[in-house]
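Every chain is numbered from 1, with letters handed out A, B, ... down the list of sequences.
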Number of protein chains: 2
Amino acid sequence: MTIGEAAAATGLPAKTIRYYEAEGLVTPLRGPNGYRRYRDSDVAKLAFVARARALGFTLDDCRALLALWTDRGRTSAEVKRIAAQHLDAIAARIASLQGMQAQLRHLVAACAGDDRPDCPILDSLAPCEPPPAR
Amino acid sequence: MTIGEAAAATGLPAKTIRYYEAEGLVTPLRGPNGYRRYRDSDVAKLAFVARARALGFTLDDCRALLALWTDRGRTSAEVKRIAAQHLDAIAARIASLQGMQAQLRHLVAACAGDDRPDCPILDSLAPCEPPPAR
DNA sequence: CTTGACCTTCCAGCCGGGGGAAACCCTATG
DNA sequence: CATAGGGTTTCCCCCGGCTGGAAGGTCAAG
């Protein structure tokens, strides 16, 4: 399996697959011509990483999850800890974005959006009354 | 006003203020010793950008908003368009994160988190049944 | 033989900064 | 006057997670 075929099989761009290799996630064999040769297990790992990335895990998380996946002596507690931490991080990011969203929604609703210059959005961003007239 | 004072006044790190200058957002004067000298209007712009960043606007957006702020001939429609677009982007990011959150929450809830290796989280990430035993 | 598709490596850039080196400036103190 | 300390300057590299492009090697088809 060449990198192009692995890319087609996983839906990942070939560039990304090479990047994952540089990051030590998946190390294919090499053919006599220097081309990368992906075993089924390599492709499985790539697909694993692709799914983990789709859930927002960092590449560091992916490395750890991949190691746990291939580790017969793992405990589900280790896996759960990583996932729970990531879940917290996601919740924090959502909360932060929702804060921005609430403020912005207010401002956008209050803005006339016509051809006059008065704008509550700019008023809210402006630290003090007079904008620099320059 | 030196950069350190401007930093204290705006809450922005001095490094960030220099970066904003490199990005063309705020251009201070220079004293005879080569030090940056921030006018009140510069500090106001920095504070403006700080608030816009806190609402998640990109630096490109900040540049545009800053230009509109100092433009007497602006229309609130222009401002609203930028803000509304950003609002859409925020909503999209929230939706994406919430999708991850829902899936992950499911998986985390289903994972025993004990010392056994069976784990629905890994099962969900694994593309096919057998993990590479290597 | 040539063409085109694929593969290889390397280098650079995106965003929004952060870390740190080496050098300069200013003030205060001994 | 020397020096110690704090601030400031420029410079370049680093982060994550890729993405684009250049320059060259390989392979199968026409």
Side-chain angles (χ1 to χ4, degrees), chain A residues 1-38 42-43 45-46 48-66 85-86 89-90 92-93 96-97 100, chain B residues 1-38 42-43 45-46 48-66 85-86 89-90 92-93 96-97 100:
Chain A
M1 205 152 186
T2 69
I3 195 171
E5 290 162 346
T10 60
L12 293 169
K15 279 249 170 189
T16 298
I17 296 178
R18 288 194 199 96
Y19 176 68
Y20 289 170
E21 179 181 350
E23 290 298 305
L25 294 176
V26 173
T27 306
L29 302 174
R30 294 290 182 139
N33 51 7
Y35 285 18
R36 291 169 175 83
R37 262 191 343 106
Y38 291 85
D42 293 326
V43 176
K45 288 185 187 180
L46 287 172
F48 182 99
V49 172
R51 293 187 188 213
R53 289 291 300 140
L55 288 180
F57 284 104
T58 65
L59 286 194
D60 266 357
D61 286 341
C62 290
R63 224 186 319 265
L65 290 171
L66 217 39
Q85 271 189 5
H86 179 46
I90 286 179
R93 288 177 56 194
S96 164
L97 286 169
M100 297 175 187
Chain B
M1 207 153 187
T2 67
I3 195 170
E5 290 162 345
T10 60
L12 293 170
K15 279 249 168 185
T16 298
I17 297 179
R18 290 194 197 95
Y19 177 67
Y20 288 170
E21 179 180 351
E23 291 297 305
L25 294 175
V26 173
T27 308
L29 302 174
R30 294 291 181 140
N33 52 6
Y35 284 19
R36 290 169 176 83
R37 262 189 345 103
Y38 291 86
D42 294 325
V43 176
K45 288 185 186 179
L46 287 172
F48 182 99
V49 172
R51 294 188 188 212
R53 290 290 298 142
L55 287 179
F57 284 104
T58 66
L59 286 193
D60 265 358
D61 285 341
C62 290
R63 223 187 320 266
L65 291 171
L66 217 39
Q85 270 189 5
H86 179 46
I90 287 179
R93 289 176 56 194
S96 165
L97 287 168
M100 298 175 187

Roughly, in whole Å, what's the span from [atom1] in [X] to [atom2] in [N]?
{"X": "A:D60", "N": "D:dG17", "atom1": "CG", "atom2": "P", "result": "7 Å"}
{"X": "A:I17", "N": "D:dG20", "atom1": "CD1", "atom2": "P", "result": "15 Å"}
{"X": "B:Y19", "N": "D:dC12", "atom1": "OH", "atom2": "C1'", "result": "15 Å"}
{"X": "A:E5", "N": "C:dA5", "atom1": "CD", "atom2": "P", "result": "17 Å"}
{"X": "A:R37", "N": "C:dT8", "atom1": "CZ", "atom2": "P", "result": "13 Å"}
{"X": "B:I3", "N": "D:dT8", "atom1": "CD1", "atom2": "P", "result": "7 Å"}
{"X": "B:M1", "N": "D:dT8", "atom1": "CE", "atom2": "C1'", "result": "16 Å"}
{"X": "B:E21", "N": "D:dT10", "atom1": "CD", "atom2": "C1'", "result": "12 Å"}

Nearest to the side chain of [X] - [options]?
{"X": "B:R18", "options": "D:dT10, C:dT9, D:dG7", "result": "D:dT10"}
{"X": "B:T2", "options": "D:dC18, D:dT8, C:dT8", "result": "D:dT8"}
{"X": "A:T16", "options": "D:dC18, C:dG17, D:dG17", "result": "D:dC18"}

Report yes if some heavy atom in the side chain of A:Y38 is under 4.5 Å from a heavy atom in the side chain of A:T2; otherwise report no.
no
Side-chain heavy-atom pair A:L59, A:L25 within 4.5 angstrom cut-off:
yes
Establish, with yes or no, whether the OP1 or OP2 oxygen of [N] is under 4.0 angstrom from a side-chain nitrogen or oxygen of [X].
{"X": "B:N33", "N": "C:dC26", "value": "yes"}
{"X": "A:R36", "N": "C:dT9", "value": "yes"}
{"X": "A:R30", "N": "C:dT9", "value": "yes"}

Worksheet item: Should B:D42 and B:K45 count as an ion pair when the cut-off is N to O under 4.0 Å?
Response: no
Base of [N] paired with side chain of [X] (donor-acceptor, under 3.5 Å):
{"X": "B:Y20", "N": "C:dG16", "value": "no"}
{"X": "A:K15", "N": "D:dG21", "value": "yes"}
{"X": "B:Y35", "N": "D:dG7", "value": "yes"}

The complete set of salt bridge (Lys or Arg N to Asp or Glu O under 4.0 Å) pairs with one or both residues in residues 14-24 of chain A, sequence neighbours excluded, reads A:E21-A:R30, A:E21-A:R36
Quiz item: Is A:R93 atom CZ crowded by more than 12 heavy atoms from other residues, nucleotides or ligands, each under 6.0 Å away?
Solution: no
